[in-house]
Amino acid sequence: MTDSETVVPSGSDITDPGLAAEGGRRIEWAGSEMPVLGLIRARFEASKPLEGMRVGACLHVTAETANLMVTLRAAGAEVHLCASNPLSTQDSVAAGLVARGISVYARRGEDNQTYYRHLEMVLATRPHFTMDDGGDLVGELHRRGPEAMGDIRGGTEETTTGVIRLRAMAAAGVLRFPVISVNDAQTKHLFDNRYGTGQSTIDGLIRATNLLLAGRTMVICGFGWCGRGLASRARGMGAQVVVTEVEPVRALEAVMEGYRVMPLAEAAPIADVIITVTGDCNVVDRRHLELVKDGCVIANSGHFNSEINLAALDALSQKVREVRPEVAEHTLPDGRRVFLLAEGRLLNLAAAEGHPAAVMDMSFANQALSLAHMAANWRTLAPGVHEVPPEIDAEVARLKLAALGVAIDQLTDEQVRYLSSWEQGTE
Ligand code: ADE
């Protein structure tokens, strides 16, 4: 279908349908970097694993997500999409999707009320399956009580933060349907969280500030997969990287990777840039803000805008002004300036375009295959959090290697026998 043959799905709420042509080009460009998802789409077109199903998706509305939505539609699903963050929507992509007949409820910069109204609009379509990034759709569904569950059968979750929330719901005995934790697939977190967040966060930092990173002290709060990726990319740009952690094993790993590790209270006074990627709240707290030097840049690349104590920063600030798009200069009473990026929301999506399509290819291949698996098996999956089946993980890796033109060795029969035997030891 071309962009001129616009079919606006009823109920969509986007900023500007006139941006459809630009959005369409962005969707195509991203699609050309997503060969695995493209192959799955071709398979789904033939097998229709989601025929007649309604999917409610709450994801970052990017060109990569658009390719996933088109894939779900090719599988036979009716898809309704809202944003998983008020600042991550690419308005042209939203328009491009609407022009392709997929309903979208998302406007970049929407306020909190609109954000939740958009979730509501997706839930009003009575989805059979949810696809979440951060758990807001599932959380909202559960807050409405059992009668609001409608036709729900199961869901998938994209991100670490969402999986943590789902596990908390399951532990409290309140999660009412099965959800597959896509984040836990190896072909998701080892690549998306590490290389995706690593690159896209640096991209957001540079687009927002145009800072030279070489020689700067960059403090990375959190050394999970995202923190690891970000620290390595920051080091690659010549920054002096300091890592802060609360888990001893991760902290030790950071030390042995050659980073300086210290409490944030020690790191704050020497930081040129502080970036949080922990998934926790108030990691940069008032006591740290009181210590930072003049000109310190503070940003977050974790899912929620809870990692920097924004209320404390506001309370400490005598003056706030926007000095560049996504850069707010906060002047403290003693004259020090703190530059807060992207309102403390995820820097990589708010100030850049999120992870590159080539890495989202694997994440969203896992999403598509996991949803098809859920659609085929939801009756036998108990309410709770379920792993991505290992066959899916291995299939995504195989397809990505094939797309990259990389061949690998195979075990010989002798090696297979050797690995499954125990009799043979030192010879
Ligand atoms: N999360 C991080 N990067 C993303 C992207 N490009 N699209 C959708 N979700 C993302």
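Residue indices begin at 1 and follow the sequence shown. Just follow the structure's listing: the first ligand is 1, and inside any ligand the first atom is 1.
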Proximal atoms of ligand 1 relative to G354 (non-hydrogen, under 4.0 Å) | 3 (N), 6 (N)
Does ligand 1 have a heavy atom under 4.0 Å from the side chain of T197, from its backbone, from both, or from neither?
-> neither
Can you figure out which of T65, T201, D133 has its heavy atom closest to atom 8 (C) of ligand 1?
-> T65
I274, I275, L211, D272 screened by side-chain contact (heavy atoms from CB on, under 4.5 Å) with M218, the one that passes | I275
Specify the protein heavy atom at minimum distance from atom 3 (N) of ligand 1: its residue, its atom name, and the distance to 0.1 Å.
-> H355 N, 2.8 Å
Starting from atom 10 (C) of ligand 1, which protein heavy atom do you reach first, and at what distance in Å?
-> M360 CE, 3.6 Å
Contact (N/O only, under 3.5 Å) between T62 and ligand 1 = yes
Donor on one side chain, acceptor on other, Q367 and T156, under 3.5 Å | yes
Which of the atoms of ligand 1 are close to E353, meaning less than 4.0 Å from one of its heavy atoms?
-> 6 (N)
Without hydrogens or angle criteria, can the side chains of E78 and H80 be said to hold a donor-acceptor pair below 3.5 Å?
-> yes
Side-chain heavy-atom pair V284, N309 within 4.5 angstrom cut-off | no
Taking only heavy atoms of F364 into account, list the atoms of ligand 1 that are under 4.0 Å away from them.
-> 8 (C)
Check each of T160, D393, N193 against K188 using the side chain to side chain donor-acceptor pair (under 3.5 Å) test, and report the only one that passes.
-> N193
Rounded to the nearest 0.5 angstrom, the CD-OG1 distance for E307 and T278 is 3.5 Å
